[in-house]
Amino acid sequence: MSDGETRRPEPTDFIREMIRADVAAKRHGGQVVTRFPPEPNGYLHIGHAKAICIDFGIAKEMGGRCHLRMDDTNPTTEDMEYVEAIKRDVRWLGFDWGEHLYYASDYFERFYYLGEKLIERGRAYVCDLPEETFSKEYRGTITEHGKESPYRARSVEENLDLFRRMRAGEFADGAKVLRARIDMTSPNMKMRDPPLVRIKHAHHYRTENTWCIYPLYDYAHCLEDSFEGVTHSLCTLEFESARELYDWVIQATEVPHVPRQTEFARLNITYMVMSKRKLLQLVEGKHVRGWDDPRMPTIAGLRRRGYTPEAIREFIGRVGVAKNISTVDIALLEHTVREDLDRRSPRVMAVLRPLEVVIDSFPEGELEEIDAPYWPPGTEPAADVARTGSRKLAFSRRVFIDREDFAEAPPKGWHRLAPGRRVRLRHAYIVTCTSVDKDETGAIVRVHCTHDPATRGGNAPAGERVDGTLHWVSAERAADVEVRLYDRLFVSENPGEGDADYLTELNPASLAVLVGKAEPSLAAATVGERFQLERVGFFVVDEDTAPGAIVLSRTVALKDSWQKVVARAEPAAPKTPDSKKEKREKKPAAPVEAAPVELSPEAIALRDAHGLPPETARVIAQEALLAALFAGATEAPKGKELAKAVATLLANDVLGELRSKRLEAVPFDGPALVELADLVKDGTIGSAQTKEVLAAMLASGKSPRAIVADKGLAQIASADALGPIVEQVLADNADAVGRYKAGNVNVVGALVGMVMKKSGGRANAKLVKELLEKKLA
RNA sequence: UCCGGCGUCGUCUAAUGGCAGGACAGAGGAUUUUGAUUCCUCUUACGAAAGUUCGAAUCUUUCCGCCGGAACCA
């Protein structure tokens, strides 16, 4: 991390939490191995940057390693050019795979070997069904089961022979395929005998013509992870339903190392497209100049646009990692890059649309040298930024300003030049506009000013305020520069949303090329150097620059609050597309009457036998484990009498634990729950303690009474015992008490919590609350 | 319609049964030789309903909405 990068607390997200827990539990010997597995069939984009930051970033944080692996199992799309581009981009982003560069294509022999092994164990077969036949007649649909392929029952010998001949090249593309033998009735379509290895007589950029069969993603990826000892295989949400197959292949091939797949939401950004297919279309359709066109969301494009790796990493960090499907506002990306560039970009001046200004009071032919600092006071350049100090500016009778900075009839709130107005030419003089020259069409060709010699350096006399400060360039010493102004590539917030073709939503103004005038110091600028053109934006010197022909690309414009004022005066922009909330509310739910619950006969029996609320009865009847526990409970001595309490426990708390821990069994029985309910009934424990006892039962299987005794959980329910603790908490939290008195009644909950904690979890919460409320009243 | 996933300010994201917090965006203001930067202030959210609980964004149930899954792509 470079110096000065924003320090933030250690990132926490569900993946990091999971991995930290794995490390703490010493799974995989406490090792963390991740991988970033791009397919070399396109350039990396900022969505990949998220994956890279997660895969490499987490491995680094946990003291593990991250592999860079080219997932090159499809010979028809992949290419060495992409491999090189991927390596360059990952490195540029600041990550290092060390020795760990891998290629799926190096594992082809092992995939083949494991294919034979699957066949031998009856877990895979060679299928002759054409792709179309299988998908139309056999796979079934989302709602209907599939049916088994007629080739499913082939003998091991025949399968082996066929598979070998597939490899030997005896069959045409698509004539045969190796299929997993799983379950044609699975609700997960991925599990309906998915293809594992297909025939493709194609040249592979690395293995050339060695192979004519290639593994498919679902077969290859999990094995690659296993071969490499990957512990945590992190991928995006669309692979969620592939996870079941991932685990199946690992289990069926009996590979020794078992990696685990976890999915997170991919990155979307407004006004951008992020699919490889669309990006490829933009390049091939010449809608942009190439993969590294500065308008592209590719890493190469962003790099050429002048983005820094630090800014991108910071952006990714701010976006976070979660499973919500999300689209980040491009304003956040722009903010992050401005923030970074502000510390990296020396300030210089250039005029994009020159308008000549004649300073009539300044002597003809005179050139005045002015020393101007590169950095405004108060801005500390980042440590690794080269240009510091100041440079020389030339002031002369003729200068250029931007046409946008002059108005003959200025609108309200105008802070720039206009007839009669006094403005400062930055670092130079305060000037006053005296007249305007126009051509025969009435267009302004020249502006006349007089300067105030007492204001040299731009200093206003004490107490005087000028109308504004303008950037400028001497007409005598200006360097011509090509300036490329980039804007978002699409005009639509979500290109291609709905029925729209995203290509019709390209922004025709995404690139504007101007020839401007720059201050002399810019003539020596070198490719990759970054500047802020004062009042205009952040720029980078483009690689198209040649000696004497500087090309400047705008990375991002400066924030412009004047533009906002102007925009506000104009008719309101069309409302943004539907937000999440609007989507949710689009079809307003008909006011739902609490629909009468349909009860199964079992549920009805439970309800009637024990007087349970119908909801509770249904939940218990539905879940076999709960039903068994409940049945056991009612057999116990006090079971009938406490049935309702037990049922509530079962339906509300036990079920929750079962779900969250994905438990199939529970280490206690029904009578234990009766015992727990009895403890509550006789007042030994309160509701606060019940949860804790239940958790302990789940963990140890011990009896409730034993747990209460062990942990000393018997509740404290006397005002005498609790009073002092309440007093103490109140005294220690005067500020919280203040907030309560100011109207925040929720504070009581927090105070109850504190008392509970101080009492070792033993206080009767209800009583505590009463005591607190009495004191606070 | 089946399976899986997801619903918190406009946007992204926190909270691990106890004061709904942060960032961006937006609004207002201060400072300013960049209408920049910086600083201060403010508006705005738990999809709905019912249940469990002293207390629910968090546990349970039902409903609603969104996304992914039927490539011999990855």
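Protein chains get the first letters and strands the later ones, always in sequence-line order, with residue 1 at the start of each.
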- request: Classify the angle between the aromatic ring planes of A/Tyr429 and A/Phe395 as parallel (below 30°), tilted (30 to 60°) or perpendicular (above 60°).
  value: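 A/Tyr429 vs A/Phe395 ring planes: tilted.
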query: Using the ring of each side chain (for Trp, its six-membered ring), is A/His45 parallel, tilted or perpendicular to A/His48, with breaks at 30° and 60°?
result: tilted
If you look at every strand shown and take non-hydrogen atoms under 4.0 Å, does [X] touch a base, only sugar-phosphate, or nothing?
| X | result |
| --- | --- |
| A/Glu263 | nothing |
| A/Ser241 | sugar-phosphate |
| A/Gln532 | base |
| A/Val321 | sugar-phosphate |
| A/Gly468 | nothing |
| A/Arg338 | nothing |
| A/Trp414 | base |
| A/Asn188 | nothing |
| A/Met754 | nothing |
| A/Arg347 | base |
| A/Gly753 | base |
| A/Val319 | sugar-phosphate |
| A/His415 | base |

Return yes if a side-chain donor-acceptor contact under 3.5 Å exists between [X] and [Y], otherwise no.
| X | Y | result |
| --- | --- | --- |
| A/Asn188 | A/Ser241 | no |
| A/Tyr217 | A/Asp71 | no |
| A/Ser600 | A/Arg618 | no |
| A/Arg347 | A/His471 | no |
| A/Glu534 | A/Gln532 | no |

- line: Scanning both residues in full, the closest heavy-atom pair of A/Thr73 with A/Ala220 reads CG2-CB, 4.0 Å
field: Ring-ring centroid check A/Phe239 A/Tyr246, cutoff 6.0 Å
entry: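 No, the ring of A/Phe239 stays outside the 6.0 Å limit from the ring of A/Tyr246, centre to centre.
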Side chain of [X] only, heavy atoms from C-beta on: which candidate in [options] is closest?
| X | options | value |
| --- | --- | --- |
| A/Leu332 | B/rG5, B/rA15, B/rC24 | B/rC24 |
| A/Leu558 | B/rG35, B/rC2, B/rA36 | B/rA36 |
| A/Ala750 | B/rC19, B/rA70, B/rG5 | B/rC19 |
| A/Val752 | B/rC54, B/rU34, B/rG7 | B/rC54 |
| A/Thr143 | B/rC12, B/rA56, B/rU1 | B/rU1 |

Separation of atom [atom1] in [X] from atom [atom2] in [N], rounded to whole Å:
| X | N | atom1 | atom2 | result |
| --- | --- | --- | --- | --- |
| A/Leu655 | B/rG51 | CG | C1' | 13 Å |
| A/Lys766 | B/rG18 | NZ | P | 20 Å |
| A/Arg421 | B/rG35 | CZ | C1' | 14 Å |
| A/Glu692 | B/rC59 | CD | C1' | 17 Å |
| A/Arg426 | B/rU37 | CZ | C1' | 11 Å |
| A/Leu626 | B/rC59 | CG | C1' | 13 Å |
| A/Arg659 | B/rU61 | CZ | C1' | 10 Å |
| A/Asn494 | B/rC67 | CG | P | 11 Å |

Is the distance from OP1 or OP2 of [N] to the nearest side-chain N or O of [X] less than 4.0 Å?
| X | N | result |
| --- | --- | --- |
| A/Ser561 | B/rA36 | yes |
| A/Arg568 | B/rA27 | yes |
| A/Asn744 | B/rC19 | no |
| A/Ser687 | B/rU53 | no |
| A/Asn324 | B/rU13 | yes |
| A/Arg535 | B/rG35 | yes |
| A/Arg318 | B/rG22 | no |
| A/His471 | B/rU34 | no |

field: Canonical and wobble pairing (Watson-Crick, G-U, under 3.5 Å) of RNA chain B, dot-bracket with |
entry: .((((((..((((....[..)))).(((((.......)))))....(((((..]....))))))))))).....
Within the sub-3.5 Å range, which N or O atoms of nucleotides 71-74 of chain B have a protein N or O partner, and how far apart are they?
from   : atom 1 : to       : atom 2 : distance (Å)
B/rA71 : OP2    : A/Arg139 : NH2    : 3.4
B/rC72 : OP1    : A/Glu131 : OE2    : 3.0
B/rC72 : N4     : A/Leu129 : O      : 2.9
B/rC72 : N4     : A/Glu131 : N      : 3.2
B/rC72 : N4     : A/Gly174 : O      : 3.2
B/rC73 : OP2    : A/Arg198 : NE     : 3.0
B/rC73 : OP2    : A/Arg198 : NH2    : 2.6
B/rC73 : O3'    : A/Arg198 : NH2    : 3.4
B/rC73 : O2'    : A/Asn74  : ND2    : 3.2
B/rA74 : OP1    : A/Thr73  : OG1    : 2.7
B/rA74 : OP1    : A/Arg198 : NH1    : 3.4
B/rA74 : OP1    : A/Arg198 : NH2    : 3.3
B/rA74 : OP2    : A/Tyr217 : N      : 2.8
B/rA74 : O3'    : A/Asp71  : OD2    : 2.9
B/rA74 : N6     : A/Lys190 : NZ     : 3.4

- prompt: Are the side chain of A/Arg198 and the backbone N or O of A/Gly174 linked by a donor-acceptor pair below 3.5 Å?
  reply: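 Looks like no, no N/O pair under 3.5 Å.
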message: Between A/Thr327 (side chain only) and A/Thr270 (backbone N and O only), is there a donor and an acceptor less than 3.5 Å apart?
response: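 The answer is no, because no donor-acceptor pair under 3.5 Å joins these two groups.
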- prompt: Which residue, A/Asn652 or A/Asn733, contacts RNA chain B at a nucleotide closer to its 5' end, judged by nearest heavy atom?
  reply: A/Asn733
- prompt: Starting at the 5' end of RNA chain B, which residue's closest nucleotide do you reach first, A/Ala428 or A/Thr327?
  reply: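 It is A/Thr327, whose closest nucleotide lies nearer the 5' terminus.
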Under 3.5 Å, which donor-acceptor pairs do the side chains of residues 558-567 of chain A form with other protein atoms, sequence neighbours left out?
from     : atom 1 : to       : atom 2 : distance (Å)
A/Asp560 : OD1    : A/Trp562 : N      : 3.1
A/Asp560 : OD1    : A/Gln563 : N      : 3.0

Side-chain donor/acceptor of [X] to base of [N], under 3.5 Å:
| X | N | result |
| --- | --- | --- |
| A/Lys564 | B/rG35 | no |
| A/Glu615 | B/rU60 | no |
| A/Arg243 | B/rG4 | no |

- prompt: Is A/Lys766 atom NZ crowded by more than 12 heavy atoms from other residues, nucleotides or ligands, each under 6.0 Å away?
  reply: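 Open: at most 12 neighbouring heavy atoms sit under 6.0 Å from NZ of A/Lys766.
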